Amino acid sequence: QKEVEQNSGPLSVPEGAIASLNCTYSDRGSQSFFWYRQYSGKSPELIMFIYSNGDKEDGRFTAQLNKASQYVSLLIRDSQPSDSATYLCAVIMEYGNKLVFGAGTILRVKS
Amino acid sequence: GAVVSQHPSWVICKSGTSVKIECRSLDFQATTMFWYRQFPKQSLMLMATSNEGSKATYEQGVEKDKFLINHASLTLSTLTVTSAHPEDSSFYICSARGAPGGDTQYFGPGTRLTVL
């Protein structure tokens, strides 16, 4: 079992729709969770982080964390073609010092 | 805030030469810096973790004598690819962690290395 799992996609959504990106992790003791966006040929950029169960909203983005289910998700409202990228879920494990990344989900927003 | 720069953004070198890549945290002190490598259409691969003033910790399979890492200050880490070969051609990305983001890592823009 991979430590951080994401569906590779591509996930295709029409412009204006809600894109839902999902991630599961194996270490029940993990405390810190991050979503990064990576455009082709560019480095990752931080979208948001979440530490507590529940929802955290920042503009069009909402991160959702459910530690009991070991599940973290990212919702993108009013998706735009410029949101088309690879979305990376990353977790810091309980006794870890480094980010463990999922393989990423490719999102395509069609105009 | 939390800006990380890398220099150069791209470099082309001949096989057998060494290349140094700099990573700087511009507006915060980075207690820890990380170096990643990414091949086309593949995931980020962590190469090493460096803490200011101490030796870097390399991931399994990464040759420490080939990829020299120096974290001389709280704002600067360097990666030197020694005796580069075409198979070292890749996208090298650093990230930095420290105040203000706690355990959040902020990534530099990356350096694209091409070895001829």
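For clarity, every value in this text was computed on a predicted model and none was experimentally measured. Naming convention: chains lettered A, B, ... in sequence-line order (proteins, then strands); numbering from 1 in each chain.
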Reported CG-to-CZ distance for the pair Leu44(B) and Phe101(A), which is rounded to 0.5 angstrom:
5.0 Å
Check Gln105(B) against Tyr36(A) and note the closest heavy-atom contact, atom names and distance.
O-OH, 2.5 Å
Please say yes or no: joined through hydrophobic side-chain contacts below 4.5 Å, possibly via intermediate residues, are Phe34(A) and Phe34(B) part of one cluster?
yes
Can you give me the closest heavy-atom contact between Phe107(B) and Ser43(A), atom names plus distance?
CB-OG, 4.3 Å
With a 4.5 angstrom heavy-atom cut-off, which part of Gln6(B) approaches chain A: side chain, backbone, both or neither?
neither
Which of residues 15-28 of chain A get closer than 4.5 angstrom to chain B, counting heavy atoms alone?
none
Counting only heavy atoms from other residues, nucleotides and ligands, does the tally under 6.0 Å from NZ of Lys56(A) exceed 12?
yes
Heavy-atom distance under 4.5 Å to chain B: side chain of Gln38(A), backbone, both or neither?
side chain
Look up atom NZ in Lys98(A) and atom OG1 in Thr57(B), then write down how far apart they are to the nearest 0.5 Å.
9.0 Å
Shared ILVMFWY cluster between Val4(B) and Leu46(B), side chains joined below 4.5 angstrom?
yes
Is Tyr87(A) linked to Phe49(A) within one hydrophobic cluster, defined over Ile, Leu, Val, Met, Phe, Trp and Tyr using a side-chain heavy-atom separation of less than 4.5 Å?
no
Report yes if some heavy atom in the side chain of Leu88(A) is under 4.5 Å from a heavy atom in the side chain of Ser43(B); otherwise report no.
no
How long is the straight-line distance from OG1 of Thr104(B) back to CG of Leu99(A), given to the nearest 0.5 Å?
8.5 Å
Does one hydrophobic cluster hold both Trp35(A) and Phe61(A), with members joined at side-chain heavy-atom distances below 4.5 Å?
yes
For the NZ atom on Lys64(B), are there more than 12 heavy atoms of other groups (residues, nucleotides or ligands in this structure) within a distance under 6.0 Å?
no
Hydrophobic cluster identity match, Val11(B) and Phe91(B), side-chain contacts under 4.5 Å:
no
